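Quick caveat: nothing in here was measured; it's all calculated off a predicted structure.
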Amino acid sequence: MKLLTIEEKLQHFQDFTMQDARDKSNQMLDEYSASLDKIFEEHREKKLRQAQLEIKTQTESLKHDRNKELSKQHLHIKRNITKKQENLKEKLFVEVKDLLCKFMESAEYNQLLISQIKAAKNFAKDQNITIYLDPADSSRRSSLEVSTNTMLTVSKYSFIGGIRAIIPDKNILIDNSFETKLSEAKANFTFNGGISND
């Protein structure tokens, strides 16, 4: 066994110490680097989750805005269609009213009045009944009274045509006026099949 001199011992100690210090330094650097890698990875994953959440939030917001805009446009279109339908409905019923006025000049209209008067009398049976004609039909009064053997009264108010009758004892109104029929038809009219059967 060789004995070492003090210088050799010091050199050996220094070499050993330096190697130990380098090993520890390298180990600390490796641990620090691994720690930084771990922190970086956690930070990257956190940022990725935040970015995905932001994308999801923005996507949902865009979908909501799109649906809101579609709903707004749908409502606008529906309003326009409804407005157009109302305009067409008004024009249609102006034409129907004109056709009724032309019908009132025909012999068929006279026959309709006779049948309405007879039907009202049959309904009333032995009860008192007052049958009203539209003022526009006042010139027909005499011939209708003869044809139906019934006293008729000319109304103070126009109801476009047809008859109205009152049975006071039963508090009954028989309304076969064109005004009422036209109002009912207009109220029940729809563009998805005409007059509703409800």
Side-chain angles (χ1 to χ4, degrees), residues 48-124 129-141 143-144 147-148 152-168 170-198:
L48 186 60
R49 283 193 305 271
Q50 286 176 344
Q52 288 171 341
L53 182 62
E54 180 70 20
I55 289 169
K56 184 179 178 183
T57 303
Q58 288 296 327
T59 302
E60 291 298 321
S61 177
L62 288 171
K63 283 181 183 176
H64 176 73
D65 290 347
R66 182 196 64 197
N67 289 342
K68 190 176 175 183
E69 186 61 29
L70 283 173
S71 179
K72 186 177 170 184
Q73 289 298 323
H74 178 73
L75 188 61
H76 179 69
I77 290 167
K78 194 172 180 180
R79 281 185 186 146
N80 284 344
I81 289 171
T82 301
K83 188 176 178 183
K84 187 68 173 173
Q85 285 178 338
E86 285 301 315
N87 288 340
L88 290 171
K89 183 176 174 179
E90 287 302 317
K91 287 180 182 178
L92 174 68
F93 279 91
V94 165
E95 288 181 27
V96 170
K97 192 172 179 180
D98 288 344
L99 290 171
L100 281 175
C101 290
K102 287 179 184 171
F103 174 70
M104 288 173 67
E105 296 168 7
S106 70
E108 288 87 0
Y109 176 62
N110 210 55
Q111 290 304 311
L112 175 69
L113 290 175
I114 291 169
S115 69
Q116 286 181 344
I117 293 165
K118 287 180 177 178
K121 276 180 63 178
N122 287 340
F123 181 80
I129 185 168
T130 305
I131 299 175
Y132 294 94
L133 293 176
D134 189 88
D137 295 325
S138 59
S139 61
R140 303 173 190 261
R141 180 179 173 185
S143 68
L144 289 170
S147 298
T148 60
L152 303 172
T153 305
V154 176
S155 173
K156 293 178 185 176
Y157 309 102
S158 174
F159 44 82
I160 305 176
I163 65 134
R164 284 186 175 157
I166 296 175
I167 305 171
K170 292 186 177 179
N171 204 22
I172 292 176
L173 168 67
I174 299 170
D175 192 348
N176 286 321
S177 66
F178 287 177
E179 179 180 59
T180 299
K181 301 290 184 194
L182 199 59
S183 293
E184 288 171 355
K186 191 173 182 181
N188 293 325
F189 184 84
T190 58
F191 278 94
N192 60 353
I195 297 175
S196 172
N197 292 327
D198 295 339

Apply side chain to side chain contact (heavy atoms under 4.5 Å, CB included) to L112 and F103, showing your working.
CA-CA 10 Å; L112 175 69; F103 174 70; 3.9 Å; yes

How long is the span from the [atom1] atom in [X] to the [atom2] atom in [Y], to the nearest 0.5 Å?
| X | Y | atom1 | atom2 | answer |
| --- | --- | --- | --- | --- |
| R140 | S138 | CZ | OG | 10.0 Å |
| D98 | K102 | CG | NZ | 6.5 Å |
| E86 | T82 | CD | OG1 | 7.5 Å |
| N67 | H74 | CG | NE2 | 12.5 Å |
| I172 | I166 | CD1 | CD1 | 11.5 Å |
| I174 | T130 | CD1 | OG1 | 11.0 Å |

Using a 6.0 Å cut-off, check whether atom CZ of F123 has over 12 heavy atoms from anything other than its own residue.
no

Please check if the number of heavy atoms outside K121 that lie under 6.0 Å from its NZ is greater than 12.
yes

Nearest heavy-atom pair of [X] and [Y]: which atoms, and what distance?
| X | Y | result |
| --- | --- | --- |
| V154 | P135 | CG1-CA, 3.7 Å |
| T148 | K118 | CG2-CG, 4.4 Å |
| N176 | K181 | OD1-NZ, 3.8 Å |
| A120 | I131 | CB-CD1, 4.3 Å |
| S147 | I114 | CB-CD1, 3.8 Å |
| D137 | G161 | OD2-CA, 4.2 Å |

Report yes or no: does [X] contribute a side-chain atom to a donor-acceptor pair with the main-chain N or O of [Y] at less than 3.5 Å?
| X | Y | answer |
| --- | --- | --- |
| D134 | I160 | yes |
| S155 | S158 | no |
| R164 | S177 | no |
| S61 | T57 | no |

Should [X] and [Y] count as side-chain neighbours, where that means a heavy-atom distance under 4.5 Å?
| X | Y | answer |
| --- | --- | --- |
| N80 | K84 | no |
| L144 | N110 | yes |
| E69 | D65 | no |
| R66 | L62 | no |

Do we see a donor-acceptor contact under 3.5 Å between the side chains of Q50 and E54?
no

Check the orientation of F189 and F93. Use parallel for under 30°, tilted for 30 to 60°, and perpendicular for over 60°.
perpendicular

